[in-house]
Amino acid sequence: MPELPEVETIVRGLEPIVRGRRIESVWWSRRPLHLLRPIDLRGLRAVLVGRTIAGVRRRGKYIILESDRPRDEGVVIHLGMTGRLRVQPAAGARAPHTHVVFGLAGGDELRFVDARRFGWVEPGRPLARVAALADLGPDALAGFDATTLAAALTGVRAPIKAFLLDQRRIAGLGNIYVSEALFRAGIHPATPADRVRRRAAELLEAVGAVLAGGIARRGTTLRDYVDADGQRGDNAAALQVYGRASKPCPSCGTAIRRRVDAGRATFFCPRCQPPRR
DNA sequence: AAAACACCCTGCCTGC
DNA sequence: TGCAGGCAGGGTGTTT
């Protein structure tokens, strides 16, 4: 579910609530989040219990809770498709599919809820050793300029859509914002990445614009996403092509098309995004 | 090297 | 109203 704008919105909402709070306990469900790889749940206790949250950061689609001592330790969280992260009073009932709970001093709980259990939590001792973070490419929001993006595109024959979704190449974009960025840049999703090299500046502008718009509207809620306060995002109404198959292109009126690449839906305007080989 | 595909889950929507 | 089938924004691992 959550891509960079959703994760950024959650981090901004979470940071003022949990910064400076001491973690007193860590609890996990009997069916924890270990679908993709085993999670070192006991390590979570070691790295957080008795410590204070020094800050909350985002890297790509990952959320990082930083411990106060030592500063380079903490917990890395990925929300998968349906993950939610919220702070709620410990006295209140836990939602179904609550899998990890951090008990905060003062009676609140930071709760990780994830129906599909595609999410992921890992202690970082230190954070630099967490492979998922180490493998990430530059951040989609601030990690590139036109020159470095052009260099990254050079020689890559994979479709530009696959390039933008590959977190090792550029971190933070998911299926929704990739469709939106390619539409804004006027680039057909099947175009080989290398062929977009000379349009790197336009592509970068488009990526930045759709991400900034998503953040300004506090994320895209199609179904599951809510921010740290439990509020839906407003960006769904601003989507130009995603989920709008057969509806008119907002720019030229041509029917938006849906195609499937590598098992994922892509939406584009065949006129504004003509194929190029 | 890279593309295609199956897979990990649950919930919701559609159509019969 | 019930049920089967399709679909979902992510990431990984295997096969071609």
Side-chain angles (χ1 to χ4, degrees), chain A residues 1-10 29-39 58-63 76-85 95-99 112-122 130-137 140 152-183 189-195 210-211 214-215 217-227 232-233 235-246 258-267:
Chain A
M1 163 215 321
E3 306 180 33
L4 190 155
E6 291 73 39
V7 175
E8 180 69 23
T9 302
I10 288 170
S29 72
R30 289 192 302 156
R31 304 177 71 208
L33 304 156
H34 59 140
L35 295 174
L36 298 179
R37 69 189 101 173
I39 290 179
R58 179 193 63 75
R59 177 80 174 87
K61 303 175 194 172
Y62 291 85
I63 297 166
V76 180
I77 298 171
H78 195 293
L79 299 174
M81 294 236 262
T82 53
R84 296 179 172 187
L85 202 52
H97 308 299
T98 299
H99 293 295
F112 189 111
V113 179
D114 185 2
R116 284 174 79 180
R117 291 197 287 140
F118 283 14
W120 180 80
V121 178
E122 181 169 322
V130 178
L133 292 183
D135 291 344
L136 289 179
L153 292 164
T154 300
V156 178
R157 275 179 288 191
I160 186 62
K161 189 198 177 192
F163 177 96
L164 294 173
L165 280 177
D166 187 343
Q167 303 300 300
R168 293 166 303 182
R169 297 195 185 277
I170 175 170
L173 293 170
N175 217 26
I176 294 177
Y177 292 95
V178 165
S179 275
E180 293 297 308
L182 290 176
F183 171 74
T191 312
D194 183 74
R195 299 286 299 162
V210 298
L211 292 178
I215 292 169
R217 286 179 279 275
R218 306 180 54 78
T220 302
T221 299
L222 297 182
R223 182 174 300 164
D224 299 290
Y225 167 74
V226 293
D227 68 15
R232 297 163 58 87
N235 198 55
L239 296 178
Q240 305 289 291
V241 290
Y242 186 85
R244 305 189 69 250
S246 80
R258 176 187 191 272
R259 51 179 276 156
V260 176
D261 302 289
R264 294 214 139 79
T266 306
F267 298 88

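Every chain is numbered from 1, with letters handed out A, B, ... down the list of sequences. No experiment lies behind these values; they were computed from the predicted model shown.
For the pair Glu180(A) (side chain) and Gln240(A) (backbone), a donor-acceptor distance under 3.5 Å is present. For Thr266(A) (side chain) and Val260(A) (main-chain N/O), no donor-acceptor pair under 3.5 Å exists by modelled atom type. Put simply, the side chain of Glu6(A) never gets that close to the backbone of Val226(A): no donor and acceptor are under 3.5 Å apart.
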**OP:** Determine, stepwise, if the pair Asp194(A) / Arg157(A) fulfils salt bridge (charged side-chain N to carboxylate O under 4.0 Å, His left out).
**Re:** CA-CA 6 Å; Asp194(A) 183 74; Arg157(A) 275 179 288 191; over 6 Å; no

**OP:** Would you check, one step at a time, whether the test side chain to side chain contact (heavy atoms under 4.5 Å, CB included) holds for Thr220(A) with Tyr177(A)?
**Re:** CA-CA 10 Å; Thr220(A) 302; Tyr177(A) 292 95; 2.7 Å; yes

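Residue Tyr242(A) is in sugar-phosphate contact alone, with no base atom involved, counting any heavy-atom pair closer than 4.0 Å across all strands shown.
Residue Asp114(A) contributes atom CG, which lies 11 Å from atom C1' of dC8(B) at whole-angstrom precision. In this structure, the CG atom of Leu4(A) is 11 Å from the P atom of dG11(C), given to the nearest Å. Atom pair Asp166(A):CG and dG13(C):P shows a separation of 14 Å (rounding to whole Å applied). Rounded to whole Å, atom P of dG13(C) lies 12 Å from atom CH2 of Trp120(A). Rounded to an integer number of Å, the gap from Asp135(A) CG to dT12(C) C1' is 12 Å. The CZ-P distance, from Arg244(A) to dA8(C), rounds to 17 Å in whole Å. Between the C1' atom of dG6(C) and the CZ atom of Arg264(A) lies a distance of 16 Å, rounded to the nearest Å. Atom CG in Leu164(A) sits about 12 Å away from atom P in dG10(C), given to the nearest Å.
Listed candidates were dA2(B), dC7(C), dG9(C). Nearest to the side chain of Arg258(A) is dC7(C). Which of dA3(B), dA2(B), dG9(C) sits closest to the side chain of Asn175(A) comes down to dG9(C). Considering only the side chain of Ala115(A), dG11(B) comes nearest among dG10(C), dG11(B), dA3(B). Nearest to the side chain of Ala162(A), among dA3(B), dG9(C), dG10(C), sits dA3(B). Across dG11(B), dC8(B), dG9(C), the shortest atom-to-atom separation from the side chain of Tyr225(A) is found for dG9(C). You'll find that the side chain of Ala158(A) is closest to dA2(B), out of dA2(B), dC9(B), dG11(C).
Toward the 5' end of DNA chain B, the nearer of the two residues Asp261(A) and Pro96(A), judged by each one's closest nucleotide, is Asp261(A).
Checked against the 6.0 Å centroid criterion, the rings of His78(A) and Tyr62(A) qualify as a close aromatic pair.
Residue Lys61(A) places at least one side-chain N or O under 4.0 Å from the OP1 or OP2 atom of dG11(C). Note on His97(A): every side-chain N or O is 4.0 Å or more away from OP1 and OP2 of dT10(B).
A distance of about 14 Å separates the P atoms of dC7(C) and dC5(B), rounded to the whole Å. Comparing the same atom, P, in dA6(B) and in dG6(C) gives a spacing of 13 Å after rounding to whole Å.
Helical stems in DNA chain B, defined as runs of 3 or more consecutive Watson-Crick or G-U wobble pairs with donor-acceptor distances under 3.5 Å: B:2-8 with C:10-16, B:10-16 with C:2-8.
Residues Asp114(A) and Arg116(A) are not paired through a salt bridge, judged by the lack of any N-O separation under 4.0 Å between the basic side chain and the carboxylate.
Between the side chain of Arg116(A) and the base of dA8(C), at least one donor-acceptor pair of N or O atoms lies under 3.5 Å.
Across Tyr242(A) and Ile176(A), no two heavy atoms sit closer than the pair CD1-CA, 3.7 Å.
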